[in-house]
Every structure is written in structure tokens, then in C-alpha cells.
Amino acid sequence: MRRAVADPRGPARASAGRPRGPRRGLAALAADDATADYCTLHLVPRLEAEAEAGRAPVDVVVIAIGVNDLLRGHRPGRFARDVEALVNRTRAVAPDAAIVISGLPEPRSMPLLPRPVASLLGLAAGRLDGVLRDAARRHRLTHVPVSHLPMTPDDLAADGFHPGPAACRVWAQELASGIPVRSARN
């Protein structure tokens with residue numbers, strides 16, 4: 001979340017918009033089973049602590065939330081409030097960062113989910129993804145749709161639900177393409 005992200009399309013693209021200066025690292029703040037409200041209450045404060053400790057400024061924040069909210073049955077209204085709080089708190093901690101919001105995957109394309117469950121989750125996922133899309137539009141952020149990404153058994157982890165290594169690479173490439181290129185100021 002903090003510092004620069006390597007662009008999978010090559011070093012020329014990755015360095016095109018970055019100011020010259022010391023190389024920056026990549027930090028990820030994540031938690032198992034995290035919901036939007038959990039991220040606001042527990043992960044953003046960790047980002048804030050890093051900023052207060054004088055670490056390099058935050059360039060890019062990728063927000064990938066919603067699946068756990070979906071599985072817990074969070075309704076769009078609650079999810080919208082939680083997403084709004086997360087975006088506002090993130091923006092307060094990292095005012096100059098580009099914020100990219102990942103869309104939700106399409107549960108109907110997950111081969112191991114039984115059809116009735118996958119269909120119900122698919123409808124709910126579409127509504128929650130709409131919340132993410134609306135928040136991105138309202139705050140002038142980037143929403144990166146991912147519902148079109150492959151979800152064959154080969155793309156999934158051993159649990160048959162989470163993305164496996166190949167799917168994570170494709171997802172990362174999609175998210176990287178959503179990071180706005182900034183012009184060098186120095």
C-alpha cells in the first residue's frame with residue numbers, strides 16, 4: 001500500500017510517472033476475513049502509524065474489499081456506509097495517494113460453488129460492486145472491474161474459492177493498469 005508498485009508491463013512504464021529519487025518499497029496491509037469496516041478500524045490506523053513514523057509518503061492505495069462483506073450478508077446500504085468511511089479515512093491519512101478500488105469477482109463463474117448459491121451471491125455481488133463503483137465515481141477514484149477475470153479450477157487456490165497464484169498475477173495486472181500515471185514534478 002505504501003510507496004511504489006512495480007508495473008507488470010515493464011520498467012519503462014513503471015518509471016514513467018514517478019519522480020526521480022530513492023527507490024521505494026511496497027507494503028501491503030491485509031487481514032484474513034476483513035470487511036470494509038474492519039479495514040477502516042484496524043488497517044488504516046496501521047497506515048497512519050507508518051505515516052506518523054516518518055516513512056515515505058503513500059503513493060498508491062489499492063482497496064480490495066467486499067467479498068467478506070458479501071459472505072456475511074452485508075446489505076448495500078451498510079456496505080456503502082462502510083466503504084464511505086474507509087475511503088474518507090484513507091484519503092485523510094494519504095491525501096496525495098492515488099486510490100484504486102478493486103471490483104468484486106463474479107461468484108457465478110466459480111466452479112465449486114453450487115448453482116443456487118452462486119446465483120444468489122452473484123446478484124448480491126453485483127449490488128456491492130455497484131456500491132464500490134459509485135464510491136469511486138463520487139470520490140474521483142479508479143474502480144477496476146474484475147468480474148470478467150477467469151475463475152476456472154486452475155485459477156483458484158486449493159480451497160476452490162480464493163484466487164490462486166496465476167489469478168493473483170492477472171488481478172494485479174488489472175489493478176496496476178488502474179493506477180494513474182503521474183507526471184514527474186522534480
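All values derive from a computational prediction rather than experimental measurement. Heavy-atom basis, side chains included; hydrogens, waters and symmetry copies ignored.
Residues I179 and W171 share a single hydrophobic cluster, defined by chaining ILVMFWY side chains whose heavy atoms lie under 4.5 Å apart.
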Could you check L71 against L121 for side-chain contact (heavy atoms from CB on, under 4.5 Å), going step by step and ending with a plain yes or no? CA-CA 8 Å; L71 295 176; L121 287 176; 4.2 Å; yes
Check against side-chain contact (heavy atoms from CB on, under 4.5 Å), H139 and I101: CA-CA 11 Å; H139 291 277; I101 299 178; over 6 Å; no
Checking V67 against H162 for the side-chain contact (heavy atoms from CB on, under 4.5 Å) test, could you report, in this order, the C-alpha distance in whole Å, the side-chain angles of both residues, the deciding distance, and whether it holds? CA-CA 10 Å; V67 171; H162 291 91; over 6 Å; no
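Atoms OG1 and CG, from T152 and D155 in turn, are 3.5 Å apart once rounded to the nearest 0.5 Å. Going from atom CZ of R108 over to atom CG of L113 covers 11.5 Å, rounded to the nearest 0.5 Å. Rounded to the nearest 0.5 angstrom, H42 NE2 and D37 CG are separated by 8.0 Å. To the nearest 0.5 Å, the span separating CG on L104 from CG on L70 amounts to 7.0 Å. Atom CZ in R91 sits 3.5 Å away from atom CD1 in I99 (nearest 0.5 Å). One finds the CD1 atom of I65 at 4.5 Å from the CZ atom of F79 (value rounded to the nearest 0.5 Å).
When every heavy atom of V131 is checked against every heavy atom of P76, the shortest pair comes out as CG2-O, 3.9 Å. Closest heavy-atom contact between T35 and H74: CG2-CE1, 4.0 Å. The heavy-atom pair separating P45 from R89 by the smallest distance is CG-NH2, 3.6 Å. The minimum heavy-atom distance linking S102 with L175 is given by the pair CB-CD2, 3.6 Å. The two residues A135 and V83 come nearest to each other via the heavy atoms CB-CG1, 3.7 Å. Nearest heavy-atom pair, A125 versus P105, reported as atom, atom and distance to 0.1 Å: CB-O, 4.1 Å.
Tested against T40, the residues T90, L86, N88 include a single side-chain contact (heavy atoms from CB on, under 4.5 Å) partner, L86.
A salt bridge does not link D69 with R78: every distance from a Lys NZ or Arg NE/NH1/NH2 to an Asp or Glu carboxylate oxygen is 4.0 Å or more.
With S119 contributing its side chain and P116 its backbone, the two residues share no donor-acceptor pair below 3.5 Å.
Applying the 6.0 Å contact sphere to CZ of R75 captures no more than 12 heavy atoms from other residues, nucleotides or ligands. Annotation for R115: atom CZ counts as buried by contact number, over 12 foreign heavy atoms lying within 6.0 Å.
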